[in-house]
Protein chains: 2
Amino acid sequence: MKEITDRQKEALDFIEEFTRENGYAPSFREIGTAIGVTIGAVQKLLRILERKSLIRREAGRSRVLRVTRKESRIPIYAAARGGMPRIVDEDPKEYFDARATLGLRTGDRGIYVVGDSMINAGIADGSVVFFRRVQDVRDNDIVVARVEDGVTVKRYGRQGKKIVLKPENPLHEPIVVDPAVDSFEVIGKVVSVIKNYGKEAGHKEKKQK
Amino acid sequence: MKEITDRQKEALDFIEEFTRENGYAPSFREIGTAIGVTIGAVQKLLRILERKSLIRREAGRSRVLRVTRKESRIPIYAAARGGMPRIVDEDPKEYFDARATLGLRTGDRGIYVVGDSMINAGIADGSVVFFRRVQDVRDNDIVVARVEDGVTVKRYGRQGKKIVLKPENPLHEPIVVDPAVDSFEVIGKVVSVIKNYGKEAGHKEKKQK
DNA sequence: TCTTGTGGTATACAAATGTATACCTGCGGA
DNA sequence: TCCGCAGGTATACATTTGTATACCACAAGA
């Protein structure tokens with residue numbers, strides 16, 4: 001009884017897909033046309049889906065169907081220092097929300113990183129770093145900066161009148177910039193980083209060609 | 001002329017907020033009530049916003065307004081090996097889409113990491129790692145595993161009949177598990193990682209209380 | 001001064017959309 | 001056999017919602 005019939009799944013899938021593609025929900029008649037039934041049948045299907053709380057609606061309003069399939073959300077579990085119960089049974093601490101989890105705001109930008117110069121700060125080749133324009137840059141902030149015609153990600157520091165862009169990799173040398181002489185600009189301060197292990201693997205395997 | 005008036009911004013903000021909170025767009029009259037004007041004024045505002053291509057609509061359909069404010073999307077720029085023009089003027093390579101950029105799929109889960117044992121793999125204290133249940137775990141995959149009652153993130157390896165969970169930090173020792181004796185389970189393979197520098201800072205500054 | 005664009009009210013209207021009702025079919029269990 | 005339930009058609013209806021039109025006020029340019 002907990003299961004879902006083929007028809008119900010058909011309708012649910014259509015609603016989900018339509019919403020994803022259009023940014024808004026389908027009307028009852030659109031659902032009917034899509035799965036090949038009349039509006040009356042759609043009404044009943046939706047009523048059933050709502051009872052099973054697979055969708056949410058609001059009486060009277062149009063195009064307000066929302067699929068509440070929890071499986072499509074990505075849960076994030078809390079970590080514990082010592083022992084920890086099996087994750088599978090645990091309640092998630094939160095659900096993944098990109099902007100919140102990454103601490104992003106409107107106006108932030110991202111850039112793909114090339115090279116391993118910041119590897120010890122968790123920024124690897126192929127990572128995406130997100131940065132934000134800020135008023136004041138402080139020593140030890142990680143910044144995205146332009147030096148002459150190149151853009152680089154480094155740790156920021158001052159040394160007298162000069163600026164030092166320190167890598168986080170013993171194999172690399174710091175870049176020293178004299179603002180009076182060199183063309184230099186801090187584009188933004190790094191807010192967060194993403195690393196995708198799947199993609200990284202793809203990168204490296206290119207070589208074997 | 002490129003700018004946006006206060007009223008227009010008011011309407012735009014409301015639409016964006018309403019949509020974010022409800023999952024569907026407001027009707028014209030709802031917008032009017034919210035910003036305190038009649039439907040006629042709303043029509044004009046929306047027409048202007050559409051002309052400025054700040055919103056998208058579809059004639060006749062209800063609740064299909066979508067804010068296309070480019071500023072609310074987060075652009076990601078491509079990296080170049082050598083010189084690179086000023087990012088600000090550059091065309092973005094893509095816009096941030098969490099699932100795509102992180103390589104996530106439905107069913108994936110995330111967990112907050114405690115400790116620095118995987119620091120050299122870019123997984124720091126406070127990071128969120130996303131993982132996926134997989135059929136076959138290979139040597140050198142980074143996995144989320146349960147050992148007895150604790151959950152840990154480590155690099156997976158086999159040594160004869162035993163399993164070695166290797167940290168990526170010279171200060172930590174590998175964990176050796178004998179599946180015949182110990183309670184052990186690979187929960188998933190790590191797909192991607194997020195690190196939020198803002199939050200990390202927050203963590204550490206707690207101490208100064 | 002005249003024109004244009006923004007922003008506003010009021011009102012009528014048509015189309016889109018959700019809702020309700022009556023009636024039919026087939027299936028599985030009590 | 002009877003009943004409940006999923007699933008279906010057909011149709012009428014009320015409400016929501018977008019659209020159109022007329023008219024007003026004000027400020028900035030040409």
Side-chain angles (χ1 to χ4, degrees), chain A residues 1-69, chain B residues 1-71:
Chain A
M1 178 47 172
K2 269 187 182 177
E3 303 130 25
I4 183 171
T5 66
D6 288 349
R7 263 297 191 226
Q8 290 165 15
K9 177 164 167 44
E10 207 177 340
L12 199 57
D13 286 345
F14 173 72
I15 296 169
E16 194 171 31
E17 194 192 319
F18 185 102
T19 306
R20 180 154 25 87
E21 294 195 348
N22 294 285
Y24 52 82
S27 68
F28 287 17
R29 284 169 183 81
E30 282 168 346
I31 298 172
T33 308
I35 66 176
V37 297
T38 58
I39 189 177
V42 172
Q43 290 180 59
K44 294 193 182 169
L45 283 170
L46 294 185
R47 211 162 287 152
I48 294 169
L49 289 174
E50 191 183 13
R51 175 154 45 80
K52 293 186 178 174
S53 66
L54 291 169
I55 57 170
R56 220 177 302 168
R57 340 172 18 185
E58 245 147 303
R61 303 181 134 175
S62 40
R63 296 184 184 278
V64 299
L65 291 177
R66 276 180 298 165
V67 175
T68 56
R69 244 198 279 213
Chain B
M1 178 47 172
K2 269 186 181 177
E3 300 130 25
I4 183 171
T5 67
D6 288 350
R7 264 297 192 223
Q8 288 165 17
K9 177 165 167 43
E10 206 177 339
L12 200 57
D13 286 345
F14 172 72
I15 296 170
E16 195 171 29
E17 194 193 319
F18 185 102
T19 306
R20 181 157 21 88
E21 294 195 348
N22 293 284
Y24 52 82
S27 69
F28 287 17
R29 284 170 184 82
E30 282 167 345
I31 298 172
T33 308
I35 66 176
V37 297
T38 57
I39 189 178
V42 173
Q43 291 179 58
K44 294 190 184 172
L45 284 170
L46 294 185
R47 211 163 288 155
I48 294 169
L49 290 175
E50 192 184 14
R51 176 155 45 78
K52 292 186 179 173
S53 66
L54 291 170
I55 57 171
R56 220 177 301 170
R57 338 172 22 185
E58 246 147 302
R61 304 182 133 175
S62 39
R63 296 184 185 278
V64 299
L65 291 177
R66 276 180 297 166
V67 175
T68 56
R69 243 200 280 213
K70 304 131 208 157
E71 312 94 56

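Chain naming here is simple, since letters A, B, ... match the order of the sequence lines and numbering starts at 1 in each.
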[X] [atom1] to [N] [atom2]: how many Å, rounded?
X	N	atom1	atom2	value
Ile31(A)	dA16(C)	CD1	P	17 Å
Phe28(A)	dT17(D)	CZ	P	13 Å
Arg51(B)	dT4(C)	CZ	P	14 Å
Asp6(A)	dG7(D)	CG	P	9 Å
Arg29(B)	dG8(C)	CZ	P	17 Å
Leu12(B)	dT6(C)	CG	C1'	16 Å
Ile48(A)	dC5(D)	CD1	C1'	8 Å
Leu65(A)	dT17(C)	CG	C1'	11 Å

Which residues share a salt bridge (charged side-chain N to carboxylate O under 4.0 Å, His left out) with [X], sequence neighbours left out:
X	result
Glu17(B)	none
Arg47(B)	none
Arg63(A)	Glu30(A)

Most 5' of Glu30(A) and Arg47(A) on DNA chain C, judged by nearest nucleotide: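 Going by which nucleotide is closer to the 5' end, it is Glu30(A).
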
Residue closer to the 5' end of DNA chain C, Gly60(B) versus Leu45(B) (nearest nucleotide):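 Here Leu45(B) is the residue nearer the 5' end.
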
Sequence-distant partners of Arg56(B), side-chain hydrogen bond (donor to acceptor under 3.5 Å, both in side chains), two or more places apart: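 Listed in chain order: nothing, the list is empty.
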
Partner set under side-chain hydrogen bond (donor to acceptor under 3.5 Å, both in side chains) for Ser62(A), not counting sequence neighbours: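 Applying side-chain hydrogen bond (donor to acceptor under 3.5 Å, both in side chains) to Ser62(A) gives Ser62(B).
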
Sugar-phosphate, base or nothing in reach of Arg57(A), heavy atoms under 4.0 Å: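 The answer is sugar-phosphate, as Arg57(A) gets under 4.0 Å only of primed atoms, P, OP1 or OP2.
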
Sugar-phosphate, base or nothing in reach of Arg61(A), heavy atoms under 4.0 Å: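 Sugar-phosphate, no base atom in range.
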
What are the atom names and distances for every N/O pair under 3.5 Å that joins the protein to nucleotides 25-30 of chain D?
none

Proximal nucleotide (of dA6(D), dT17(D), dT6(C)) relative to the Thr5(A) side chain: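 Nearest to the side-chain atoms of Thr5(A), counting from C-beta on, is dA6(D).
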
Gln8(A), nearest nucleotide to its side chain (from dG8(C), dG7(C), dG7(D)):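 Taking heavy atoms from C-beta onward, the closest nucleotide is dG7(D).
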
Atom pairs and distances, donor-acceptor, side-chain atoms in residues 34-44 of chain A, under 3.5 Å, two or more places apart:
none

With sequence neighbours excluded, residues passing side chain to side chain contact (heavy atoms under 4.5 Å, CB included) with Arg57(A):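 Side chain to side chain contact (heavy atoms under 4.5 Å, CB included) check on Arg57(A) returns Phe28(A), Leu46(A), Glu50(A), Ile55(A), Leu65(A).
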
Residues within residues 35-44 of chain B bordering DNA chain C, heavy-atom distance below 4.0 Å: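 Those residues whose heavy atoms fall under 4.0 Å from DNA chain C, taken from residues 35-44 of chain B in numerical order, are Val37(B), Thr38(B), Ile39(B), Gly40(B), Ala41(B), Lys44(B).
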
Val67(B) to Ile15(B) - nearest heavy-atom pair and separation: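 Here Val67(B) and Ile15(B) meet closest at CG2-CG2, 3.6 Å.
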
Arg66(B) side chain to Ala25(B) backbone, donor-acceptor under 3.5 Å: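 Not at all, since once roles are kept as given, no pair shorter than 3.5 Å links the two residues.
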
